[in-house]
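See structure below.
Residues: numbered from 1 along the sequence shown. These numbers come from the heavy atoms of this one structure, side chains and all, not from hydrogens, waters or symmetry mates.
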Amino acid sequence: MPPPVNASPTEPVQPPEAAGAGRGVLATVPVLASLHLAETLQFYVERLGFTALLEMDNYLILQRDGCELHFWPCTCLLYTSDAADDSLR
């Protein structure tokens with residue numbers, strides 16, 4: 001593979017332009033696990049000032065100041081004593 005055209009001993013090598021380069025990452029939307037969606041909703045709305053955009057039995061979307069969080073119900077519990085158990089790795 002030939003070196004990039006701007007390669008020289010005094011200049012850093014610049015990566016080729018990607019599609020949409022220059023805009024950067026405009027947003028991310030984390031999808032988080034919740035052990036109880038109703039409790040998650042109550043905490044984020046009452047304590048942190050989020051508003052609900054979508055409330056379903058199996059999904060929750062919250063928003064505040066341009067930040068959007070998604071939650072899905074998770075019933076899997078892992079205790080810290082379990083995490084330290086080498087047999088689980």
(request) Would you indicate whether Asn58, at its atom CG, is surrounded by more than 12 heavy atoms from other residues, nucleotides or ligands within a distance under 6.0 Å? (result)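 Result for CG/Asn58: enclosed.
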
(request) Can you see which heavy atom on Glu68 is nearest to which on Val29, and at what distance? (result)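 Minimum heavy-atom contact is O-CG1, 3.9 Å.
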
(request) Kindly give the heavy-atom pair with the smallest separation between Thr40 and Ser34, and that separation in Å. (result)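 For Thr40 versus Ser34, the nearest heavy atoms are OG1-OG, 2.5 Å.
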
Say you draw a straight line from [atom1] of [X] to [atom2] of [Y]; how long is it, rounded to the nearest 0.5 Å?
X	Y	atom1	atom2	answer
Leu53	Ile61	CG	CD1	6.5 Å
Leu62	Phe71	CG	CZ	5.5 Å
Phe50	Leu69	CZ	CG	4.5 Å

Using the rule that Ile, Leu, Val, Met, Phe, Trp and Tyr join whenever any side-chain heavy atoms are under 4.5 Å apart, tell me whether [X] and [Y] fall into a single cluster.
X	Y	answer
Leu60	Val45	yes
Leu41	Phe43	yes
Trp72	Met56	yes

